[in-house]
Amino acid sequence: MLDDDERDIQTTVREFAREHLRPTIAHSFESATLPREIAREFGRLGLLGMHLDGYGCAGTNAVSYGLACLELEAADSGFRSFVSVQGSLSMFSIHRYGSEEQKNEWLPRLAAGEAIGCFGLTEPDFGSNPAGMRTRARRDGTDWILTGTKMWITNGGSADIATVWAQTDDGVRGFLVPRGTPGFETRDIANKLSLRASITSELILDEVRLPASAQLPQANSLGAPLSCLNEARFGIVFGALGAARDSLETALEYARTREVFDRSLASFQLTQAKLADMTLELGKGMLLALRLGRLKDAGQLRPEQISLGKLNNVREAIGIARECRTILGASGITLEYSPLRHANNLESVLTYEGTSEMHQLSIGKALTGIGAFR
Ligand code: TGC
Ligand code: FAD
């Protein structure tokens, strides 16, 4: 169901992950680090903003982007998160809503991985409901003054440029805040049990003064940040299946070689039923992802369809990762095997980019015509 270009991209990312990401992921997860050099390696491979056109971006189709997300997340959700946030949130927000000057200044560097970007929408008290955000931007002459706190921001602590969404007298607007701007600080969040190979941070904005040129001129309402989420959510529809596939391959290999009750674990009907059911859900998820990818490439993908894909594929992926862990028995609880690491990561994936409940409500609204969010 893939063309030659799509297959080539998938193979290239899979090989890259095998050689450069998998060997050190257990260490990165345990030490809760993500080496900064990874950004340049992703940049050299053309993965950053790969589905965007111009400004040093690769300009691939949506399916290719999805397949790259899948192969990265088969190594670890932290890698896919980095690429999602850099390409689909930071770069997309500038590409879609920025001025020509902002695009020329930031996109080529972000595409090359020379600069790192983040996207600050969520706040401590407003995650599922960003409309309530308290971060405020007010005018002072032609300048803007930003005050507020953003929470749970991927890449926040390592970012050179933050896209920050703030309430103004005229509604929600977006601003580009470079690291080092007086009054702007970041604080990394420690002790995570999930997505450890990923930097997650708080952004603190205390009377941050920005020139008028820092505002994203085409972003005129809350619809702007929400449209960026569609891009990242689409990548997750594919990405989550990578974590599921890797878990299933690991469990299958283990079941073949592990002897219980004097026979191969794979020879028991209960084990085979688990493997069959998981293969079924993985295949169904893949068909769904590909169908949504083809719709996106045809310009016909609607937000509620992305909700359907994210809801199903993350829910099934976390179920598969947990089931695979059972096949591994006690061996499944250390970092030597991937399923529990994937399951733990997928706890974040289930929550970020819209919780499962938010996606159920989006689908419910599309079906009934009645919004039940508030
Ligand atoms: P609502 O009145 O429904 O919408 C406000 C305006 O936005 C438009 N809109 C969308 N446009 C494009 N795509 C979408 N998905 C859109 N959803 C809504 C809508 O048409 C409207 O436009 P207009 O012109 O009429 O003004 O807004 P609401 O306040 O009722 O909220 C709806 C809701 C709950 C669905 C929304 O707030 C939501 O999606 N909440 C979840 C928040 C979320 O997902 N946050 C993610 C933060 S980023 C992140 O998690 C990164 S994780 C790292 C990684 O990706 O790896
Ligand atoms: P809440 O909104 O407080 O929800 C708590 C629970 O209540 C959930 O189960 C939710 O589904 C449920 N709930 C809420 N409203 C309703 C309702 N109306 N009906 C029924 N149930 C409801 N955000 C960014 O902006 N940028 C990032 O880069 C980013 N990266 C992240 C990285 C990680 C590792 C994590 C964990 C989060 C990240 N987030 C990011 C934040 C993420 O988007 C939010 O956590 C998410 O939107 C949920 O918000 P919340 O945590 O405040 O939960």
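The first residue in the sequence is number 1, and the count goes up from there. Just so it is clear, the values below take in all heavy atoms, side chains as well, and ignore hydrogens, waters and symmetry mates. Atoms within a ligand are numbered from 1 in the order they appear, just like the ligands themselves. Predicted, not measured: the structure shown is a model, and the values here were computed from it.
In terms of polar-atom proximity, defined here as any N/O pair under 3.5 Å, S348 makes no such contact with ligand 2. Considering backbone and side-chain N/O atoms, F119 comes within less than 3.5 Å of an N/O atom of ligand 2. Looking at ligand 2, you won't find any N or O of E123 less than 3.5 Å from one of its N or O atoms. The shortest N or O to N or O distance between E357 and ligand 2 is below 3.5 Å. Below 3.5 Å of separation, one finds no N or O of L195 facing any N or O of ligand 2.
Residue K150 places every heavy atom at 4.0 Å or more from ligand 2. Under a 4.0 angstrom heavy-atom cut-off, T355 registers as lying outside contact with ligand 1. Remark: distances from the non-hydrogen atoms of G127 to ligand 1 include one below 4.0 Å.
Residue R374 does not touch ligand 2, judged by heavy-atom distances below 4.0 Å. The residue I306 has no part lying near ligand 1, judged by heavy-atom distances below 4.0 Å. Heavy atoms of F373 found under 4.0 angstrom from ligand 2 belong exclusively to the backbone. Contacts between T122 and ligand 1 below 4.0 angstrom, taking non-hydrogen atoms only, involve the side chain exclusively.
For atom 28 (P) of ligand 1, the nearest protein heavy atom lies closer than 4.0 Å. Within a 4.0 Å radius of atom 25 (O) of ligand 1, the protein has no heavy atom. There is a protein heavy atom closer than 4.0 angstrom to atom 45 (O) of ligand 2.
Residues S64 and N61 have side chains that bring a donor and an acceptor to within less than 3.5 angstrom of each other. A donor-acceptor pair shorter than 3.5 Å can be found between the side chains of K274 and T326.
Judged by the 6.0 Å distance and 45° axis criteria, R263 is positioned over the aromatic ring of F268.
Ring-centre distance between Y352 and W152: not below the 6.0 Å cut-off.
The closest heavy-atom contact to atom 39 (O) of ligand 1, among the options R233, R302, E231, comes from R233.
Protein heavy atom at the shortest distance from atom 45 (N) of ligand 1 is L229 CD1, 3.7 Å.
Near T355, with a cut-off below 4.0 Å to any heavy atom, the atoms of ligand 2 are 10 (C), 11 (O), 48 (C).
In this structure, the side chain of N155 does not engage the main chain of S158 through any donor-acceptor pair within 3.5 Å.
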